[in-house]
Asks: 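This is the structure I have questions about; it appears just below.
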Amino acid sequence: MFSRHSDMEPEDFIPPPECPVFEPTWEEFADPLGYIARIRPIAEKSGICKIRPPVDWQPPFAVEVDNFHFTPRIQRLNELEAETRVKLNYLDQIAKFWEIQGSSLKIPNVERRILDLYGLSKIVQEEGGYELICRERRWARVAQRMGYPSGKNLGSLLRSHYERIIYPFHMYQSGANLVDCGEQPRYDSEEKDKEYKPHSIPLRQSVQPSKITSYGRRAKRLTQEDPESSDPATQNSSQPPETSPTWPEPTVEDIEKNPELKKLQIYGAGPKMMGLGLMAKNKNLRKKENDIPECPPTLVVKEEVVADIKIEPGEHHSHIKRERSLSPEPCTKMTMRLRRNNSSAQFVDTYVCRICSRGDDDEKLLLCDGCDDNYHTFCLLPPLPEPPKGIWHCPKCVMAECKRPPEAFGFEQATREYTLQSFGEMADSFKADYFNMPVHMVPTELVEKEFWRLVNSIEEDVTVQYGADIHSKEFGSGFPMLDGKTELTPEEQTYATSGWNLNVMPVLEQSVLCHINADISGMKVPWLYVGMVFSAFCWHIEDHWSYSINYLHWGEPKTWYGVPSSAAEQLEEVMKKLTPELFESQPDLLHQLVTLMNPNTLMAHGVPVVRTNQCAGEFVITFPRAYHSGFNQGYNFAEAVNFCTADWLTAGRKCIEHYRRLRRYCVFSHEELMCKMAACPERLDLSLAAAVHKEMLILVQEERRLRKALMERGITEAEREAFELLPDDERQCQKCKTTCFLSALACYNCPQGLVCLYHIEDLCQCPAARQYLRYRYTLDELPAMLYKLKIRAESFDTWANKVRRALELQNGAKIELEQLQVLAKEASDKRFAENDLLQELKGTIKEVESCISEAQNVLSDPQSRNSSTVVSLDSLHKLVLRIQALPCALDPLSPLQELLEKAESLQKDAKNCLQSLPDSAPQLKEMLERCDAFGVQLPEAIQLARHMRQGQWLSRVREALVAGRSGTLEEMRTLLKEAGEVAESPAVEKARSELQELIAIALRWEEKAQMCLEARQKHPPATLEAIIKEAENIPVQLPNTLSLKEALCKARAWSADVDEIQSGDHYPCLDDLEGLVAVGRDLPVKMDELHQLEVQVAAAHSWRDKATKTFLKKNSCYTLLEVLCPSSDVSSGTGKRSQWRKDKELGLYRSDIESLGLSAQDLRDPGCIVLAFKEGEQKEKTGILRLRTMNSSLERGCVCVCGEPPGELMLRCELCQDLFHGLCVPGPRLSSHRVAHASPSLAWWEWDSRFLCPLCVRSRRPRLQTILSLLVALQKLSVRLPEGEALQCLTERAMSWQDRARRVLATPEIANAATTLAEKRQRLQKDPQALRETTRNEQNPVPHENGDGHSENGTCAMPDLDAMAALLPRIERTPVLDISIGSRALLEDLMLEGDLLEVTLEEELTISRLLLASQIPPVERLRTLIEIERCERRTSRLKGKDPEKKKKRRSDRTEGGYLPPTLQKEELGPKRSRSDRSLDMTADKESSRKVGAESNQNGEHRL
């Protein structure tokens, strides 16, 4: 949307300069009103300012979002701007004019843009009018002023459009076509000073739309109202007579010369302006049938004479009852349809022409459809050749409609109620769609330019919604509140009591509004604002010209514009000058918050304007009488409230005077507020008391003057009235609407009204004797209130004089500290505001107390003081001077002066001792002890101490440099550092040089050792030994050299360990080699054996990885060693199976080898592994038998891997006999071993229907040939692995089982059974009926009830499963083989042991088929498996997987090893959390269940 309009406005919006921005510190932020008072001199010059709180000040958002519902206002942007609204109103009027005439207005295009009709009209008026421009041929100048290029003869085109559209309208407005009818026009207002009724303040921005019938653009959205209920004020002319333009009355000659006027019959009746851009609205007016026009429903006047019962003699009364009805009859003229049989002469005389006053020629007499007046066609100007067709209005009605003042503009309420979430979704969607980009990426500058382009555009009508003036008392504030309804946290309580909380600021002690008891919504109680992009608040000042503060809780920025109070009247004059039409109909337009004007326009006329972008967490302050407006950049939530400080009182008084002139209602009584503060001056802040006294003095003087004028009028009666107990509407001046408090004038005869003393002439016409004064205070009581205020205000001056006398040391007399403290207490008791004098007093008291404390410390016992509190001689001298300068007399001054004299004497002795060195060296110690014991630190004492330490330091250096003694490097550095603390001498310089040289040599060797320790290229042991040997010659202990020596010792020990492990009886274990490799890699020594060990470890890892890939499934929860060894804990409570049941929420399985019954040391012994393997075989078999018995008899509420109750499509594991949901675990695939396109056989025992659960099939179960190749590779390793021994044991176990199985299968009974089974399969394959049935089912698969048998594209067909399902009824319900109980038990035992093997053997498949054939065919189980496979195929198709490709991959994997009878789903792996896996399984299960439910609506296997 935005891209289409971005280039339509030729002039871009130029942002005004930025307003001041303040960032208070935490100390400044603690006093809100005090800080605002400090920044006021700067910020007030701009009208508005922005305050950024400290970063950590972030109040929580306290609105209950779920319960917050509001109805926003509807804002049409181009109706907000004043100049644009004037243009729209003008277009509404001219469109209304042509609509009354029966035509619709179409605005022409000139030079590819819509013609500005309003601008053309204004320019023509400014140039002298239509006739003058035509006479002087200045239309080219008009085109030039409208911005059109010259040289294209556009002046003639503009003249043509003006004559067709505007000129007729202006002629009607001027009344030039009206002739004198003998009476004044009814549309002209006779009352020049008609009273204007302003809107009430609580609804200051909720103006309801006017219901006056209108033909304009906005009128189509309004409803119609009875004209009798309309306000008479709205019927008046929109311009006073003296300001109405005087249009020259055209003559008949002018009409004849103007072909347009003659052709259009503009002064006559009927539809006008056919063609030329004006179309007739009702085309039926021109339809004719047999030369008789078919008129629309016409107003017919019927007469009815009703005789009055009480007729006096000689009088004749008749009442004409007119009834309007719709007449479908055709007509040729718009004449009156009268009943011709009426003989009443008076009735006939009623219908006469308003111009000629005659009633003849009724065929030519027209009836106006608006006012029912009559006009002859030949009396009109110009005369009409024939009566017009359709609806006709007389010139007077047309003029009245066109000159009707526009309705009071206001915002409409939306019809929908929003929550914060729904409004935010709507707002973000609107902004993203409008700018075609994410909301957070739209620049604020772009939104600002687009906003002002839209409000200035006539063509584009963009509508937004604004949740404005939402009462926080009803919906809750965005700040935490101490209302007792909710329990607040300590942090919330801090913000709830903060002065910057907008619920607290209006009622702070320094705020004037705290003295108003009522909760004034919007002033004392905050209002909430929920904005969206382009939603705006128009130019306005706050009620009573108060301050306002706005806080943006969250959301996108809010753009503000401000004008200082000094330019407020200038702004009003500019807006009235540019849009006088709006202010004529709404004098208090700027108080309605419904009008914008472009800041660039205001700035062009000299009005200073500033702007700012208020971001979330920032405050915006507006100052008294500072006009401000703005709009929202997007979805946000703000809160605002008013407050008043002491400096506002003068502005508040002037505001009441301004309201009195405008006759505007007050929100509260300013006089009442002043008197309430004056009645309790002790509760006022000092600055507030002074301001109240100043304003109260003016108020009392004015009241005395007004009452004096009242007495001069002769009004002497008076009554006391407690005005504060009356409702505001009962004490408002009926003239100026001011809320009275000090006094009012009332009348005994007119008890319903009263006036203020400024309008005593406007009360009533009763005599003065009946009028009386209603007063709140007498003129004697008011001065008493003033005196109390004066005492409160002047108490500061009295106190200040006392403080100045005390601090200025008059006559050199000092006072006591208690007197200063009394003055400070007085300031606190009287609540004086912080000022410089009070700060000086507090500073003086603090200085006195500090001096006393320091003096006591200096004069205390030197033995009891610690070294940190010893005072220096200079500090002592300064302390004495500070005490002498204080205005208080302190007792410690004399002892301090004596101490200072002694210290100066001792200082002199110390200087003499230092000057006589080295002769006075023996006396150094004594002098230093005297200085230390004195208690005052002398500068010379430091020098004495340095000389004493010099000898001690030289002795320590000599000891450190003695050969054969090795000190640490840190000791040498300490000695070098202490050299700066001793007195300078040649011996000290020499010792310092030796120390520096020794440290430099040591550092070079340290660096070399460090390089050996950290170098990537390791050095052999011989190189390191040489470095260590050379470094040992330095008489300093070097840390890096010692570390290098230690590393060399570790390398030698590592080599010994390698030799020992390589020379053992067995190959070394992998763990031992890995440990040696890890230690060898960390050593900073090059070891030749390390590479050989790394090769051996890598080969072992390679073999183990290959074995892992061969055995372990993807993401398996088992280790390779656990899979290779028997599961001895299969039925215990600590096994994998139980652990998985109990700990689904754990993220990983604990794969510790202790579950095998072996410790880490036992795994190094091959014998232990073999023995443990044999024991594990017996435990595994015993455990699985116990588990089978338990699972077969146990009825659990939760089964399967998902832990849910049993359901339909359940599978039972052949090994552990546990139950599982068929859609939760991978199950057997009946069609997995069929050859492609081959028909299924009736040999059901060969179908892959055997199910082993994932907990029993722990590995991939490779073939025996694959395991043997792993064993061959294992023999080539020179490293022992526990997995290698376990694999050997597993191989021996598998081969042993294979030998046993072959011997059992070779027995005559079982061999005969196998032969019989093979013959049975061959016979079934040759059965022609079975083949035909199978072929028919594959070609025509059985459809399911939901139509899944064949979809439209054929993707849902499953012919293989349908064919198998068709064979189930043909399976005989008897065993195929008859095997003896003993042989069957032998086969079952073998099958059990074979299932426990993690190896695939051919004999296992043979045994399973023999056992299956010896049982009754499990038809229900086969049917369940078919249904499970159907569901899984549908699920795969829904996920976009191809089951055929998956089957092909499975068959490819099956060639190299045993594939468990499961489809490879997700395995139980240690890398994923159990909760995640259970969620995935549940999701797959639910998806499969949905598909299964769709395919089985008959309820047979419903999921």
Side-chain angles (χ1 to χ4, degrees), residues 190-202 231-233 516-518 520 544 588 652-653 655-679 696-786:
E190 295 179 0
E191 185 178 355
K192 300 301 181 182
D193 296 330
K194 187 69 177 179
E195 178 182 343
Y196 179 79
K197 296 181 179 179
H199 299 283
S200 59
I201 289 173
D231 189 356
I516 299 178
N517 295 331
I520 305 174
H544 288 256
D588 63 342
R653 172 174 50 82
C655 177
I656 296 300
E657 298 172 358
H658 182 74
Y659 282 2
R660 186 180 294 117
R661 290 193 298 270
L662 285 181
R663 302 180 184 180
R664 185 171 186 263
Y665 291 93
C666 302
V667 179
F668 57 85
S669 172
H670 188 79
E671 295 176 350
E672 180 181 353
L673 176 62
M674 295 293 299
C675 293
K676 188 171 184 181
M677 290 188 292
M696 194 67 183
L697 180 61
I698 298 174
L699 192 66
V700 171
Q701 292 174 351
E702 183 68 8
E703 183 68 17
R704 183 178 286 110
R705 183 187 67 82
L706 292 173
R707 294 192 186 183
K708 181 179 178 182
L710 199 65
M711 295 191 63
E712 292 174 354
R713 184 179 170 86
I715 300 174
T716 57
E717 295 293 328
E719 291 182 5
R720 185 185 290 271
E721 180 71 64
F723 284 99
E724 65 270 21
L725 302 181
L726 298 178
D728 286 355
D729 56 353
E730 294 183 10
R731 53 175 173 146
Q732 287 171 347
C733 173
Q734 65 184 25
K735 178 65 176 179
C736 65
K737 310 305 178 188
T738 301
T739 303
C740 300
F741 179 75
L742 280 179
S743 58
L745 183 63
C747 179
Y748 293 113
N749 296 341
C750 309
Q752 299 300 325
L754 56 81
V755 293
C756 65
L757 299 191
Y758 288 95
H759 300 101
I760 57 179
E761 302 287 343
D762 300 309
L763 176 60
C764 61
Q765 300 301 324
C766 300
R770 298 301 300 166
Q771 297 177 349
Y772 66 98
L773 174 69
R774 298 169 67 181
Y775 66 92
R776 180 62 181 85
Y777 298 104
T778 65
L779 291 179
D780 295 332
E781 293 172 342
L782 291 175
M785 298 170 64
L786 269 177

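On a predicted model such as this, the values are computed, not experimentally measured, just so you know.
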Asks: How far does CG of Leu662 sit from SG of Cys736, to the nearest 0.5 angstrom?
Replies: 11.0 Å
Asks: Report the C-alpha distance between Leu763 and Gln734 in whole Å, list the side-chain angles of each, state the deciding distance to 0.1 Å, and finish with yes or no for side-chain contact (heavy atoms from CB on, under 4.5 Å).
Replies: CA-CA 8 Å; Leu763 176 60; Gln734 65 184 25; 4.1 Å; yes
Asks: Taking all non-hydrogen atoms of both residues into account, name the closest pair between Arg704 and Pro783 and its distance.
Replies: NH2-CG, 3.9 Å
Asks: Counting only N and O atoms by type, is there a donor-acceptor contact under 3.5 Å from the side chain of Tyr659 to the main-chain atoms of His544?
Replies: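 Yes, the answer is positive, given that a donor and an acceptor are paired below the 3.5 Å cut-off.
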Asks: Can you measure from CG (Leu710) to OG (Ser743) and round to the nearest 0.5 angstrom?
Replies: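 Here the rounded value is 8.0 Å.
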Asks: ring-ring contact (aromatic ring centres under 6.0 Å, His included): which pairs involve residues 732-752, sequence neighbours left out?
Replies: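 Checked against ring-ring contact (aromatic ring centres under 6.0 Å, His included) - neighbours excluded - the pairs reaching residues 732-752 are Tyr748-Tyr772.
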Asks: List for me each residue that meets side chain to side chain contact (heavy atoms under 4.5 Å, CB included) alongside Cys750, sequence neighbours excluded, and say none if there are none.
Replies: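 Applying side chain to side chain contact (heavy atoms under 4.5 Å, CB included) to Cys750 gives Cys747, Cys764, Cys766.
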Asks: Do the non-hydrogen side-chain atoms of Arg663 and Lys735 ever get within less than 4.5 Å of each other?
Replies: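 In short, these two side chains touch, coming nearer than 4.5 Å.
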Asks: Please tell me if the side chains of Phe668 and Thr739 come closer than 4.5 Å, counting only heavy atoms from C-beta onward.
Replies: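 No. Closest side-chain heavy atoms not under 4.5 Å.
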Asks: If you round to the nearest 0.5 Å, how far is CD of Gln771 from CG of Leu773?
Replies: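 Taking CG in Leu773 and CD in Gln771, the distance rounds to 11.0 Å.
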Asks: CD1 of Ile698 to CE of Met674: how many Å apart, nearest 0.5 Å?
Replies: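 So the CD1 of Ile698 and the CE of Met674 are separated by 8.5 Å.
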Asks: How about Met696 and Leu699: do any of their side-chain heavy atoms sit closer than 4.5 Å?
Replies: yes
Asks: Please enumerate all residues that pass side chain to side chain contact (heavy atoms under 4.5 Å, CB included) together with Thr716, with sequence neighbours excluded.
Replies: none
Asks: Could you list all the salt bridge (Lys or Arg N to Asp or Glu O under 4.0 Å) pairs where at least one residue sits in residues 755-772, not counting sequence neighbours?
Replies: Arg713-Glu761
Asks: Locate the shortest heavy-atom distance separating Ile760 from Val755; write the atom from each residue and the value.
Replies: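 Taking Ile760 first and Val755 second, the nearest heavy atoms are CA-CG2, 4.1 Å.
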Asks: Please walk me through it: do Thr738 and Gln732 pass side chain to side chain donor-acceptor pair (under 3.5 Å)?
Replies: CA-CA 5 Å; Thr738 301; Gln732 287 171 347; over 6 Å; no
Asks: Please assess Met785 against Cys675 for the test side-chain contact (heavy atoms from CB on, under 4.5 Å), listing each intermediate value before the final yes or no.
Replies: CA-CA 8 Å; Met785 298 170 64; Cys675 293; 4.1 Å; yes
Asks: For a 4.5 angstrom cut-off between non-hydrogen side-chain atoms, does Arg660 reach Cys655?
Replies: no
Asks: Can you measure from CE (Met677) to CD1 (Ile516) and round to the nearest 0.5 angstrom?
Replies: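 Between Met677 CE and Ile516 CD1, I get 8.5 Å after rounding to 0.5 Å.
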Asks: Return the set of residues passing ring pair (Phe, Tyr, Trp, His ring centres under 6.0 Å) with Tyr758 (not counting sequence neighbours), or none when no residue passes.
Replies: none
Asks: Ion pair present between Arg705 and Glu702, side-chain N to carboxylate O less than 4.0 angstrom?
Replies: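 Yes, Arg705 and Glu702 are salt-bridged.
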Asks: Begin from the C-alpha positions of Tyr777 and Leu742 and carry the test side-chain contact (heavy atoms from CB on, under 4.5 Å) through to its verdict.
Replies: CA-CA 7 Å; Tyr777 298 104; Leu742 280 179; 4.0 Å; yes
Asks: Ignoring hydrogens and angles, write down the donor-acceptor pairs under 3.5 Å from the side chains of residues 722-731, residues two or more places apart or on other chains.
Replies:
| unit_1 | atom_1 | unit_2 | atom_2 | d |
| --- | --- | --- | --- | --- |
| Glu724 | OE1 | Arg776 | NE | 2.8 |
| Glu724 | OE2 | Arg776 | NE | 3.1 |
| Glu724 | OE2 | Arg776 | NH2 | 2.8 |
| Asp728 | OD1 | Arg731 | NH2 | 3.2 |
| Arg731 | NE | Phe723 | O | 3.3 |
| Arg731 | NH1 | Glu672 | OE1 | 3.2 |
| Arg731 | NH1 | Cys740 | O | 3.2 |
| Arg731 | NH2 | Glu672 | OE1 | 2.9 |

Asks: Is there a side-chain contact between Lys708 and Met711, using heavy atoms and a 4.5 Å cut-off?
Replies: no
Asks: Is the backbone of Thr778 close enough, under 3.5 Å, to the side chain of Glu781 for a donor and an acceptor to pair up by distance?
Replies: yes
Asks: Check for a donor-acceptor pair, side chain of Glu719 on one end and backbone N or O of Arg774 on the other, with a separation under 3.5 Å.
Replies: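 Absent.
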Asks: Heavy atoms only: give me the nearest Leu754-Ala744 pair and the separation to one decimal.
Replies: CD1-CB, 4.1 Å
Asks: Rounded at 0.5 Å granularity, tell me how far CG in Leu697 sits from CG in Leu786.
Replies: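 That separation rounds to 5.5 Å.
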